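Structure incoming, see below.
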Amino acid sequence: MAKGILRAKAKAKGDNTVVKIMAKHAMETGNRKDKSGQKIPAKFIQTLNVSYNGKTVMETNLGTAISKNPYLAFTFVGGAKGDELQMTWTENTGASATETAKIK
Amino acid sequence: MMNRRSVLKAVFTGGLVAGMGVLMPRVAMAAWSKAAFEAESQEAAMDVLYSANPSASAEVTLKAPDIAENGAVVPVSVKSSLAGVTSIALFVANNPQPLAAQFTIPEGTLANVSCRIRMGKTSEVTAVVTTASGEYSASKEVKVTIGGCGG
Amino acid sequence: MKIIKSLLAGASLALVASITQAATSGNTLASVDPEADRIALQSFFQKRFPQVPLDDYVNGIYALDSGSREQWEEIEEFPPYEFDVEEGEVLFNTAFANGKSYADCFANGGVGIRQNFPRWEDSQGKVVTLELAINQCREANGEKKLGWKKGKIAQISAYMAYTSRDNVFDVQIPNDEAKAAYLDGKQSFYTRRGQLNMSCANCHVAGSKVLIRADLPGPALGHVTHFPVFRSKWGNLGTLQRRYGGCQKNVRGVPQKAQSEKLRNLEFFQTYMSNGLVVNGPGARK
Amino acid sequence: MKKTISLVAALMMVSGGVAAQSFDDAFNAQRGMYGKGHSFTFEGQTYTTDHPEEVAAAAEANAANAEALLADAKAMYADVLAVDFGWTLTKGLLKSANKALEAGDFRKSMQLSARAQYHSRMGIAQYHQSQQEWIMAVPN
């Protein structure tokens with residue numbers, strides 16, 4: 001299953017769309033040590049941006065104080081059942097990807 | 001909402017990325033600010049981001065538990081009834097790096113976000129809401145206890 | 001006699017003071033009455049927490065602790081085990097090298113059957129938990145066993161529980177051998193272990209309104225309905241038997257082995273106690 | 001944690017469950033009140049509040065005694081594991097006792113072995129006690 005790391009539940013509710021996103025990610029802070037006492041290097045999602053119809057509806061900058069499997073919920077005006085959301089994440093390592101989700 | 005002072009400060013503290021972000025035309029918020037996210041005190045982080053100290057406001061609502069079930073996953077929500085909210089930021093004062101997240105709120109998106117944060121120990125959690133007229137905040141102490149067994 | 005005990009031992013024995021010897025169900029194969037046990041446990045909790053509806057016990061500790069419940073409901077908005085259910089489904093549907101799959105080992109293709117486990121298997125003369133059945137299925141098809149406590153086995157178990165949500169637990173005790181296993185599990189549940197000299201019941205029955213540091217122990221009723229669980233403390237998904245080992249270590253006892261006869265019987269007893277409640281696993285816990 | 005453990009000790013003393021004071025009750029009451037190294041009389045005889053393990057640990061500190069005590073403690077640990085009632089800290093105590101023995105610190109080794117043996121003896125007692133008493137905790 002070539003699914004990305006993001007899972008989204010986007011629901012059209014009246015004039016609004018409620019978006020809930022969770023990423024499968026350890027959000028390593030860089031402060032933890034492994035069993036041999038070596039620091040585990042920081043590896044976390046730095047930004048997660050969501051757009052709808054080419055318009056940005058949410059931009060986030062995240063730090064290491066965001067929990068493992070980061071969660072984000074917000075609501076924007078507009079959006080209709082069947083439409084698509086674009087979600088772009090970038091890691092502090094430079095890794096990045098865009099994933100999509102349908103509004104239900 | 002950064003002015004020249006905070007730009008200078010950001011650059012001065014080695015926050016090259018933050019500085020550049022601010023110098024760019026302000027498309028919503030600045031890029032990920034190393035200076036702010038790596039600042040080791042809430043004051044320093046706020047200094048990078050804001051020109052003045054945010055003032056407490058009843059129109060900012062921070063929802064967080066009194067006692068966190070588990071400091072690793074603390075559900076937090078922020079909303080505001082203020083007009084023209086452009087961004088929301090979350091700080092955990094006693095974390096090694098207090099700035100937890102920034103959310104840019106474009107027009108058409110409600111000033112109401114939820115996320116889950118990590119807390120190393122009991123701490124004040126502060127939400128700062130940015131509007132055209134400045135920064136407003138709400139704070140709440142969240143207790144992090146050493147668990148017993150956990151249900 | 002009990003009064004003397006609680007006087008001597010103070011607070012912790014006082015917990016037992018209100019409890020008298022079971023009259024209707026005993027400690028021998030002839031006298032033990034599982035149904036009476038189950039009803040007695042239910043009425044114990046209903047007497048103690050009259051405001052909590054019976055159905056709510058499937059939510060474990062969150063049936064009793066409102067502060068935690070709010071956070072849990074927030075977490076359940078997008079629970080961390082969703083990835084595991086997804087991965088469990090993929091694992092469940094991936095064929096073995098011989099072309100067969102898990103679906104071939106279970107009734108109804110393995111879907112919606114969580115409520116029938118653990119079950120007494122006459123042919124094996126023992127209690128078979130869902131996780132044991134999963135590994136038996138693998139071995140019967142020439143695959144290696146999975147580890148018992150976390151990872152793939154927990155994910156498969158989570159998926160199978162997920163497909164069984166809202167089905168009513170229906171653990172059967174078909175004969176005296178099964179009853180003996182039940183009795184053994186019951187004894188384990190009420191037996192004090194470890195340096196702290198505590199039984200499961202000390203915390204999860206008698207102690208269900210006593211704080212352990214900042215935590216309330218989960219009520220024994222409905223205790224097993226939401227497993228496997230994603231515990232924030234673990235940061236991943238784990239099986240009930242992983243939790244058993246953790247509990248036994250918490251009271252400073254050398255833990256019994258996962259899927260040992262003792263722990264399988266304990267799970268058999270505990271699940272029988274939750275008969276009538278629904279499957280709501282997998283769960284999210286602190 | 002200290003508090004919990006002393007409570008545990010209190011629980012241990014009620015093992016007999018007989019109203020008239022048995023030797024165990026008397027011993028435990030005296031031990032609880034005065035700690036080790038105290039003398040008391042029970043039915044006309046004088047006893048001390050020391051556990052048997054403490055008496056053994058107080059023997060002359062030499063290699064032979066330390067080795068013997070460690071061997072006893074290990075044997076009893078095997079016994080308690082056989083009935084499935086081991087305590088978690090015992091293994092570490094035995095390990096430390098072994099280390100101290102190798103380092104030539106016989107007194108320390110004997111004290112650690114004695115503690116390990118006490119754990120195992122209590123675990124075995126817990127096993128026997130639980131066989132009788134578990135049913136009393138069942139609600140009805």
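FYI, side chains are in, hydrogens and waters are out, and symmetry mates aren't considered; it's all heavy atoms of this structure. Proteins get letters first, then strands, A, B, ... in listed order; numbering begins at 1 in each. What you see is a predicted model, and the numbers here were worked out from it, not measured in a lab.
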**OP:** Report, as yes or no, whether the 6.0 Å neighbourhood of atom CG on A:Asp34 holds more than 12 heavy atoms from other residues, nucleotides or ligands.
**Re:**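 Enclosed: over 12 neighbouring heavy atoms sit under 6.0 Å from CG of A:Asp34.
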**OP:** State, to 0.1 Å, how close A:Ser67 and B:Ala72 come at their nearest heavy-atom pair, and which atoms those are.
**Re:**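 Of all heavy-atom pairs spanning A:Ser67 and B:Ala72, the closest is CB-O, 3.1 Å.
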**OP:** Name the region of B:Glu107, side chain, backbone, both or neither, that has any atom closer than 4.5 Å to a heavy atom of chain A.
**Re:**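 Interface part for B:Glu107: backbone (N, CA, C, O).
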Subject >> Backbone of A:Pro70 reached by a side-chain donor or acceptor of B:Arg116 within 3.5 Å >> reply: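 Checked: no pair found.
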**OP:** Let me know if A:Lys55 has heavy atoms under 4.5 Å from chain B in its side chain, its backbone, both or neither.
**Re:**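 It is the side chain, since no backbone atom gets that close.
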Original post:
With respect to chain B, which residue among A:Leu72, A:Thr17, A:Asn92, A:Asn69 yields the maximal number of heavy-atom pairs within a distance under 4.5 Å?
Top reply: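 Among A:Leu72, A:Thr17, A:Asn92, A:Asn69, the one with the most close pairs to chain B is A:Leu72.
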Subject >> Among the listed options A:Phe74, A:Phe76, A:Tyr71, the residue most often paired with chain B at heavy-atom distances under 4.5 Å >> reply: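 Maximum pair count with chain B is reached by A:Tyr71.
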Subject >> Interatomic spacing from OG in B:Ser87 to CG in A:Asn61 - rounded to 0.5 Å >> reply: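 Between B:Ser87 OG and A:Asn61 CG, I get 9.5 Å after rounding to 0.5 Å.
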Original post:
Above 12 or not: heavy atoms from other molecules or residues under 6.0 Å from CD of B:Glu40?
Top reply: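 Open: at most 12 neighbouring heavy atoms sit under 6.0 Å from CD of B:Glu40.
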Original post:
So what's closer than 4.5 Å to chain B heavy atoms on A:Met22: side chain, backbone, both or neither?
Top reply: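 Contact with chain B: side chain only.
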**OP:** Count the heavy-atom pairs under 4.5 Å between each of B:Ser114, B:Gly120, B:Pro75 and chain A, then report the option with the highest count.
**Re:**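 Max contact count across the listed options: B:Ser114.
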Original post:
Does any donor atom in the side chain of B:Gln97 or A:Thr64 lie under 3.5 Å from an acceptor atom in the other side chain?
Top reply: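 Side chains of B:Gln97 and A:Thr64: pair found under 3.5 Å.
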Subject >> Audit row: B:Cys115, A:Ile66, side chain to side chain contact (heavy atoms under 4.5 Å, CB included) steps and yes/no >> reply: CA-CA 8 Å; B:Cys115 67; A:Ile66 292 296; 4.2 Å; yes
**OP:** Sort out for me which of A:Lys68, A:Gln46, A:Met27, A:Met58 touches chain B most, counting heavy-atom pairs under 4.5 Å.
**Re:**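 With the most close heavy-atom pairs to chain B, the winner is A:Gln46.
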Subject >> Stepwise side chain to side chain contact (heavy atoms under 4.5 Å, CB included) check, A:Glu59 with B:Phe103 >> reply: CA-CA 6 Å; A:Glu59 277 187 319; B:Phe103 307 94; over 6 Å; no
Subject >> Contact summary for B:Pro96 and A:Asn31, nearest pair of heavy atoms >> reply: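 Minimum heavy-atom separation between B:Pro96 and A:Asn31: CG-ND2, 4.1 Å.
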Subject >> Backbone N/O of A:Leu62 and side chain of B:Trp32: donor-acceptor pair under 3.5 Å >> reply: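 Present.
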Original post:
Hey, is the main chain of A:Val57 close enough, under 3.5 Å, to the side chain of B:Thr109 for a donor-acceptor pair?
Top reply: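 A pair under 3.5 Å: yes.
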**OP:** Taking atom CD of B:Glu43 as the centre, report whether more than 12 heavy atoms of other residues, nucleotides or ligands fall under 6.0 Å from it.
**Re:**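 No, the 6.0 Å shell around CD holds no more than 12 heavy atoms from other groups.
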Original post:
Given that the side chain runs from C-beta out, which part of B:Asn112 has a heavy atom under 4.5 Å from chain A: side chain, backbone, both or neither?
Top reply: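 Contact with chain A is through the backbone of B:Asn112 alone.
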Original post:
Which bit of A:Phe44 is near chain B, if near means a heavy-atom gap under 4.5 Å: side chain, backbone, both or neither?
Top reply: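 For A:Phe44, the side chain is the part near chain B, not the backbone.
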Original post:
Which value, rounded to the nearest 0.5 Å, describes the distance between A:Thr60 atom OG1 and B:Ile105 atom CD1?
Top reply: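 Interatomic distance, A:Thr60 OG1 to B:Ile105 CD1, rounded to 0.5 Å: 10.0 Å.
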